Amino acid sequence: MSVDAKPTATLPQYVGARVLRVEDPEFLMGRAKYLDDITLPDMLHAAFVRSPVPHAEIVNVDIEAAQALDGVVAIYTAADIEANTTGPFVTALPRDEIMPVTRPLLASDRVRFVGEPIAVIVATSRYIAEDAAALVEIDFKDLGVVTNAEHGLTEDAVQLHDDVPGNNIAHIEFDSGDVDRVFDEAPHVFSKRFHIGRVTAAPLEGRGVIANYNPGADHLTIWSSTQMPHFARTLLAGTLGMAEKKMRVIAPAVGGGFGVKSCLFPEEAVIPVASRLLSRPVKWAEDRQEALSSSAHAKEIIMDLDIAVDDEGTFLAFRGNYVGDAGAYAIFPWTSLVDPLLAADVVAGIYDVRHVSYKVDSVLTNKCPAGPYRATGQTGGYLLRDSLIDDIARAMDIDPVELRLKNCIGNEPYVTATGFRYDGGSYAESIRKVCDMIGYDKLREEQAELRKEGRYLGIGVAPYVEPTAWGSKSAQKHGFPAEFYDSASVTVEPDGSVNVTVGTQSHGQGHVTSLAQVAADQLGVRLEDVKVLDSDSDTAVYGAGTFMSRTAVVSGGSIMRAAADVRERILALAGQELEVNPSDLEISNSTITVKGSPGKSMTVAEVSAVAYFGGERRGEVETLTSTRYYDPPETYSNGVIAAVVEVDVETGHVKMRHFAAVEDCGTMLNPMIIEGQVAGALAQGVGIALLENAVYDEQGQFNTASLMDYLYPSSNEVPTMDLAHLVTPSDVSEGGIKGMGEGGLVGSPVAVVNAVADALSPFGVTINSTPLRPADVLAKIEAAQAGNGGR
Amino acid sequence: MKPAPFKYVVPDTVDEVLALQAEHEDEAKVLAGGQSLVALMNFRMAQPSVLIDLNGLTSLSGIENGGPVIEIKALTRQLEVERSATMTALPIVAEALRHVAHVAIRARGTFGGNIAHADPASELPALMLALEAEMVATGPDGERVIPAADFFKGYFTTSLEPTEILTSVRIPTKQPGAWAFMELARRHGDFALAGVATLLDVEDGRCRSARIALFGVADTPVRATEAEAFLVGKDPVGEVLEEAARITAEALNPSSDIHAPGAYRKKLSSVLVKRAVTAALNRGDMG
């Protein structure tokens, strides 16, 4: 079977075209290699001994019986790892409010959540490693637990870390405008509390590491299912005390990340240590139990918001309080602030409000550490604010769409009360468009008709602004003072084909296609002449990795800059060869022509042959390669999600009927890839709104360590969807590109929740938590009925 | 999630299976479709030292229409039963099977394995109660026939002896004419929060007999015997049906888990009974 791509050279321009993903044939034919598909000669297998208890002193670890098991090669505990690393992970940020949090690579004297690694078994098979793990005996002394973030802040709460008194990683306050005065004088103040459930991204492929230390070369190769091979190398080099030049980190085909794999986990340092000690390759591929209990959880925040409103429904001020549930450690290296701080600081959204204040806490609890997961923080922030806005609309008898349009900012660039500069968008237009798509007015009529039959249809409309292109500027504006470096190299090879390398790893986003589109357009070559290489620290240029909707902008921009250099050199060489001024030349379809003289031309391959093998004909022209860096300004995409549901009021079951979404991410690289991103995020939104919950009981035991209990949405639960685009190019980024990987998950959960509340508006139901199990919905209906005299 | 070590044997005959069971008793487990057992072994919640693979026993597979009963051999795949022409005589069976997990799982999972596993939230055990089927156990002393009502003893527990295996299921073909099968699960294919199988014999607007079996609401599937008795002689609509549903729920005391509190399951049971009886009446005769 031939997998040669069809020629795409007839397209006038690649950027913006629905180019088929060039990486797909390998995946569809089953030829892509994921981490667990990799086998090395002499390879050993690791399993971790994990804590069965949530918070305890480790009194004794007895590995004798495990060590005696046939096939066990080594068992390492905290002392072994400490002796062979420079120290534990310390998560910190250069902000005065933030306490550094230390996370041991293996727990030594104390465990702080169910699933925390205590020892690692290295054996000739994973089966034997697990048999041995079951033989390790550990004596614990119970220390009591914190399982609720607000309880963790109370005076008599159990303390998790001696160096973080009060269990609070950070208390941050923000105040802009004249918030308290506006609230004092406002004719109406509406308030709401919302508790977004704890979830986990749970990519289909879990985490995994293979480390292969070669003592002859003193070189360590690490295969890791990561979103950031280069940055992981930098972080691991510090922990392992090795020079980066002696380390190579390769991300093989990665089966999803969603933010989990933008963190560095203790296991990623422990496995290389084991390989170094044994001088043999060691593999660890986590199982689903480990993925659910011990990777990263996300999004749980207990939040309160007040909105001051005038008599006409104009929002005057927002005042919020966000208590994030960090879990047992601050995720490395981003900190657990990523949830509550981003939930708080996006409080303005599309709304024109000049008086904004918020308080943020990030509280340690005896749960799996919380970290970034698609639309980090924002999912919760939007659930709170936009469900409150729907409550206000009902209370003031204003249509919720009208209320949003009334308070919406204009399309031109806008600086929020929180100091973010939006680079223009289609904030109101996108709302009108989504309403057209779902037939909003007709749906309202249908809703009224169905209610007469005792059927309850609901509509939720959630507009959003998505901060994207996480680089130094975006990070700093959102409260994470850090500097980022991302680059791209563009090289024309001797035959005229083009190798592009970037430091932003693709794990499903289609970068190999969309970034090739950028390079092809900028160079004037055919798409099939371009190859994009990422994910290997030895062969691709350095970058911080793929997360926070950054790659299209940072790598796209870097490629545009590097390709512009190379194009200039191609034109200079062609000018010499054709004896014309380079400014009279143009490149298209991998051919250089002279403007106005169609007969006079050269191919890029011919120019490249001169560049490589032309000897003196090359003249002063530099090699056909360039590496350039791009650290973009803040850029923000926008969009709207509309959800339509029907609620069975006898059982509380919510049936998803339809989604519609409008996405405006400026210049589109590939609309098909954008639609794939939106569709996936909408599906995850169904999960967060209705299904997914990482549940701990009051004793801190984890109750959802299998996919029978942690419920992903399956294709049966995801409804039909209509997706559309608007295009408002950024006025600041290279090419007008904005990121867009997360917006669907900023808006979809609250769209669903608002649709449920809308369906149940005859009962007067207010929704203030997720997920909405049938039992929860029914309880809400019954409580509302009881409160209204059994109406 | 790798199983603990075990010995794996593939016998050719039922007698060999019985001999192995007699030898290893509680230490042995029989493997049919493996859709529940293998997961339990991977979680190390089941750690048999001997795994007896039944999949070589072709004599244990197939569906036979024996006139008054249809006999489904235990190893027949669920999907085969669901799609069997013979089973169109009892359409409630295919309807129930469509609620069992997903097609891929039903293609491997066996009819008898599901019943012998005796998950109280599973569809088929309740269906067997409703159809008043008989379980055929084979042991060292030959065959023993156990009515469904005596078969399910508790969570994952049946009246099978450790020396016996379930070899077939006999379902009477003469069944009440009106039927319905309903459940509510959080996702399609999940174990139900609660579910009901009902069969009614209605003549001239009067219930001559009613069978209502529920699952997901107790440690075994249960018959709503009081509600069934209440319905006899009455027109099962309106307030009569409301009362039957209320009686059904009143007799239940479901336990709670992360998917729903017991009190919710109780309420859901009454809603499902109302809906199922109504659907059965609307559907009319079986088939």
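Here is the naming used below: chain letters follow the sequence lines, and residue numbers restart at 1 for every chain. This one's a predicted model, so the numbers in the text were calculated from it and none came from an experiment.
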Structural part of [X] lying under 4.5 Å from a heavy atom of chain B:
{"X": "A/Leu778", "answer": "side chain"}
{"X": "A/Asp648", "answer": "side chain"}
{"X": "A/Gln289", "answer": "both"}
{"X": "A/Asn716", "answer": "side chain"}
{"X": "A/Ala705", "answer": "backbone"}
{"X": "A/Glu782", "answer": "side chain"}

Using a 6.0 Å distance limit plus a 45 degree cone around the ring axis, check whether [X] lies over the aromatic ring of [Y].
{"X": "B/Lys234", "Y": "B/Phe230", "value": "yes"}
{"X": "A/Arg207", "Y": "A/Phe265", "value": "yes"}
{"X": "A/Lys367", "Y": "A/Phe113", "value": "no"}

Heavy-atom contact with chain A under 4.5 Å, split by part of [X]:
{"X": "B/Leu193", "answer": "side chain"}
{"X": "B/Arg265", "answer": "neither"}
{"X": "B/Ile258", "answer": "both"}

Which of the residues [options] is involved in the greatest number of heavy-atom pairs with chain B at under 4.5 angstrom?
{"options": "A/Asp697, A/Val654, A/Asp131", "answer": "A/Asp131"}
{"options": "A/Leu711, A/Thr651, A/Asp287", "answer": "A/Leu711"}
{"options": "A/Leu691, A/Val695, A/Thr704", "answer": "A/Leu691"}

Distance-minimising heavy-atom pair for A/Arg288 and A/Pro203: NH1-O, 3.1 Å

Do you know the tightest heavy-atom contact between A/Asp70 and A/Ile128?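 Reported closest heavy-atom pair: O-CG2, 3.5 Å.
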
Assert yes or no for the condition that the ring centre distance of B/Phe181 to B/Phe215 is strictly below 6.0 Å.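 Between B/Phe181 and B/Phe215, the centre distance is under 6.0 Å.
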
Between B/His188 and B/His102, does the ring centre distance come in under 6.0 Å?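 Yes - the distance between ring centres of B/His188 and B/His102 falls below the 6.0 Å cut-off.
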
side-chain contact (heavy atoms from CB on, under 4.5 Å) partners of B/Ala32, counting only residues at least two apart: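 In terms of side-chain contact (heavy atoms from CB on, under 4.5 Å), with neighbours along the sequence ignored, B/Ala32 is linked to B/Leu75, B/Thr110.
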
